[in-house]
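Side chains included, hydrogens not; waters and symmetry mates left out as well; all remaining heavy atoms used. All figures in this text were calculated on a predicted structure; none of them were measured in a lab. Just so we're on the same page: letters track the sequence lines, and every chain starts at 1.
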Amino acid sequence: MTSVAEKSEVGAAETPRPGAARRASAWARRAPLLPALIFMIVVTQLPFLATLVISFMDWNAYYPDEVGFAGFDNFARVFTDVNMRDAVWTTILLTAGVVLISLVLGLGIALLLDRKFKGRGAVRTMMIAPFLVVPVAAALIWKHALYNPEYGLFNGALTWIWGLFGSDNPPQPDWISNMPLWAVIFALVWQWTPFMMLILLAGLQGRPLDVIEAARIDGANNWQIFRSMTLPHLRQYLELGALLGSIYIVQNFDAVFTITSGGLGTANLPYTIYQIFYQAHDYGRASAAAVVVVIGTIIIATFALRTVSSLVKQEAGR
Amino acid sequence: MSASVTDTAPVPATRDERGRPIRKRREGANIWLSLLAWIVGILFVLPVVWMVLTSFHSEANAATNPPAVFAPLTLEGYREFFSGGASPWPPLLNSLTASVVSTILVLLLAIPAAYALSIKPVKKWSDVLFFFLSTKMLPVVAGLLPLYLFAQNTGLLDNIWLLILFYTAMNLPIAVWMMRSFLSEVPVEMLEAAAVDGAGLTKTLRSVIAPVVMPGIAATALICFIFSWNELLFARVLTATVAETAPVFLTSFVTSQGLFLAQLCAAAFVVSLPVLVAGFAAQDKLVQGLSLGSVK
């Protein structure tokens with residue numbers, strides 16, 4: 001449907017017409033796009049250009065007299081800085097961990113919720129709740145009301161369960177100090193699983209059921225149907241979930257900032273850059289780090305965009 | 001497409017390959033799977049329920065081990081949050097202003113752009129579309145410093161309008177993508193019919209396009225509102241006392257008030273309430289919106 005519209009419109013634009021009229025029509029087509037495009041370029045690309053310029057400068061707000069050209073010094077410092085390398089590694093672990101775990105959980109829960117049962121609407125509503133809590137609020141709740149070693153819900157539940165069996169010596173781990181990165185990952189998985197589930201559930205409900213019914217009559221069991229029909233159908237939804245999840249989780253600041261304040265090896269790139277800029281006031285180095293992050297993101301995004309591009313093509317070719 | 005389509009289909013055979021009655025075995029499994037679904041749902045909602053419950057407990061009952069689930073309820077936490085120490089009203093109002101105004105600006109910019117990319121597509125429309133998406137992949141920290149310096153030099157630091165401008169840019173790519181996919185749903189035949197009837201642009205927009213895309217506009221607005229309301233990093237760096245938003249207030253609240261768990265839970269719940277209400281009210285729209293409209 002879309003493709004028909006596009007082809008006919010594009011075709012109309014390309015038919016030879018008197019030059020002036022054609023130019024006017026082309027501008028009429030472009031005009032509605034321009035405000036948004038110009039706005040985006042001014043607000044996102046100009047600051048990035050400025051970041052690029054600052055990344056080649058010696059500029060620390062604490063030493064205002066020493067501002068000057070630095071060449072590649074800032075980049076050299078970024079690449080030799082152990083903290084930066086740790087931050088890169090943490091960002092990869094955090095993003096991959098959260099995306100993979102929440103995708104798998106989301107898939108399982110979507111399959112559970114795809115069946116009809118009593119209270120399906122209620123369970124669905126319960127599942128969505130984590131996604132609707134403001135991220136900072138969620139991070140604060142996880143840190144203080146759930147993970148707290150003295151009165152958090154987790155250790156409280158352990159005390160209660162141990163009490164049921166007559167033991168007054170329950171394990172009371174300090175979750176955040178014992179497993180800081182996992183503490184952040186769990187809190188984020190809790191927030192992002194509903195998102196993955198929603199996308200996959202939408203995918204499941206678009207399955208051609210007559211084909212599945214036919215396969216079932218032919219004697220295919222549930223696992224075979226899942227492996228060879230449901231999973232291939234869900235592939236693009238899984239890719240979309242992974243892509244969108246990655247975009248947001250790579251940039252995560254709230255959870256790292258709130259739960260561990262970047263301590264204990266949980267400082268990811270956004271948090272590290274925030275620190276270099278906001279606490280060390282080393283503008284040059286912060287900018288160089290940001291440029292490195294952007295280059296890394298562009299490399300990853302090129303692959304990711306290919307995925308989305310296949311989605312758009314599929315839509316256009318429908 | 002509707003939920004009921006996926007209900008378990010009638011079982012064609014009554015016995016499986018090993019001769020056991022299929023229907024019975026399936027029903028048995030169904031009960032366990034339903035139970036599992038309920039348990040998973042309860043586990044996921046538990047932290048939210050715990051937050052709400054704790055917010056209605058007294059401080060003494062909020063921080064106990066084992067948890068005092070059935071302790072008497074009180075509004076103490078809320079009373080302290082609203083009247084003790086710094087008032088949360090200015091930050092809440094700032095968040096509301098920033099979210100609502102930036103959402104309106106986003107829609108004003110995104111709808112014409114999406115129109116140009118779908119109804120009357122410009123040449124190379126997909127390149128333009130990907131440009132928008134690529135700005136979303138640009139880590140926000142990459143532009144933070146220049147914006148901060150700009151704000152510092154122009155006296156716009158701690159000004160809600162700078163935040164509004166930034167939130168508009170943050171949400172515009174998503175909005176363009178979503179609106180484009182919603183506009184693509186307008187049937188070509190209807191546009192052609194309107195053209196044949198001699199309807200002008202305004203009339204076509206109002207009577208053909210608007211009815212189809214109104215729910216899409218609502219979904220887009222909802223998503224933009226949620227993202228603006230939730231944003232922390234920029235609000236933290238670019239605002240101080242005057243333009244402070246609710247998430248920033250929440251983080252400073254914990255440090256300045258010390259840790260009062262009931263109060264913290266009350267604060268977290270109040271700040272999350274607008275998003276919770278809007279999100280529950282528009283669950284289906286939320287899905288469609290979050291997947292940039294590409295999942296239908």
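Options A:N221, A:T258, A:N155 differ in how many heavy-atom pairs under 4.5 Å they form with chain B, and the most are formed by A:N155. For the options A:L49, A:I128, A:L46, heavy-atom pairs under 4.5 Å to chain B are most numerous at A:I128. Contact count against chain A (heavy-atom pairs under 4.5 Å) is highest for B:L149 among B:L36, B:T54, B:L144, B:L149. No other option in A:A290, A:P32, A:A139 has as many heavy-atom pairs under 4.5 Å with chain B as A:P32. Ranked by heavy-atom pairs under 4.5 Å with chain B, the list A:P135, A:A138, A:P194, A:A50 is led by A:P135. When each of B:A268, B:P146, B:G279 is scored by its heavy-atom pairs under 4.5 Å with chain A, the top score falls to B:P146. For chain A, the option among B:L109, B:L145, B:V275 with the highest count of heavy-atom pairs below 4.5 Å is B:L145. Contact count against chain A (heavy-atom pairs under 4.5 Å) is highest for B:F280 among B:F280, B:F269, B:F166. Heavy-atom pairs under 4.5 Å with chain B peak, among A:L111, A:V291, A:T193, at A:T193. Among B:A267, B:A116, B:A110, B:A246, the residue with the largest count of heavy-atom pairs under 4.5 Å with chain A is B:A116.
B:L250 CG to A:L140 CG: the interatomic distance, rounded to the nearest 0.5 Å, is 5.0 Å. Note that the CG atom of B:L233 and the CZ atom of A:F257 stand 9.0 Å from one another [nearest 0.5 Å]. Rounded to the nearest 0.5 angstrom, B:L33 CG and A:L113 CG are separated by 11.0 Å. In this structure, CZ on B:F132 lies 5.5 Å from CG on A:L33, to the nearest 0.5 angstrom. Rounding to the nearest 0.5 Å gives a distance of 8.0 Å between CG of A:D254 and CG of B:N230. Rounding to the nearest 0.5 Å gives a distance of 4.5 Å between OG1 of B:T168 and CZ of A:F39.
Crowding of B:F131 atom CZ: a count of heavy atoms from other residues, nucleotides or ligands under 6.0 Å exceeding 12. Other residues, nucleotides and ligands place no more than 12 heavy atoms under 6.0 Å from the CH2 atom of A:W160.
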Below 3.5 Å, can you tabulate the donor-acceptor pairs from side chains in residues 39-52 of chain B to any protein atom, sequence neighbours excluded?
none

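For the residue pair A:Y278 and B:R236, no side-chain donor N or O sits within less than 3.5 Å of a side-chain acceptor on the partner.
Contacts between A:F48 and chain B at a heavy-atom distance below 4.5 Å involve backbone atoms as well as side-chain atoms. Only the side chain of A:Q172 comes within contact range of chain B, with at least one heavy atom under 4.5 Å from a heavy atom of that chain. Looking at A:A157, only its backbone comes within 4.5 Å of chain B, counting heavy atoms on both sides. The contact between A:W59 and chain B is made entirely by side chain atoms (from C-beta outward), counting heavy-atom distances below 4.5 Å. Interface residue B:V128: only side-chain heavy atoms are found under 4.5 Å from chain A. Contact of A:L37 with chain B is made through backbone and side chain together, with heavy-atom distances under 4.5 Å.
Residues A:A129 and B:L276 approach most closely at O-CD2, 4.2 Å, considering heavy atoms. Scanning both residues, A:V134 and B:V271, for their nearest heavy atoms gives CG2-O, 3.6 Å. Residues A:V136 and B:P247 come closest through the heavy atom pair CG2-CB, 3.7 Å. Considering every non-hydrogen atom in both B:A169 and A:T44, the closest pair reads CB-CG2, 4.3 Å. Shortest non-hydrogen contact noted between A:V133 and B:S272 is CG1-OG, 3.5 Å.
Aromatic ring centres of A:Y248 and B:F227: separated by under 6.0 Å.
Pairs of residues two or more places apart, or lying in two chains, that qualify as side-chain hydrogen bond (donor to acceptor under 3.5 Å, both in side chains) and include a residue from residues 122-143 of chain A are A:R124-B:Q283, A:R124-B:D284, A:T125-B:Q283.
Ring geometry for B:Y148 against A:Y283 counts as perpendicular: the plane angle is over 60°, on a 0 to 90° scale with 30° as the lower cut.
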Show the numbers, then the answer: is there a side chain to side chain contact (heavy atoms under 4.5 Å, CB included) between B:C265 and A:I141? CA-CA 7 Å; B:C265 287; A:I141 296 295; 3.9 Å; yes

Begin from the C-alpha positions of A:F253 and B:L232 and carry the test side chain to side chain contact (heavy atoms under 4.5 Å, CB included) through to its verdict. CA-CA 8 Å; A:F253 173 76; B:L232 174 70; 4.0 Å; yes

Side chain to side chain contact (heavy atoms under 4.5 Å, CB included) between B:S34 and A:R115, worked out: CA-CA 8 Å; B:S34 308; A:R115 306 157 39 254; 3.3 Å; yes

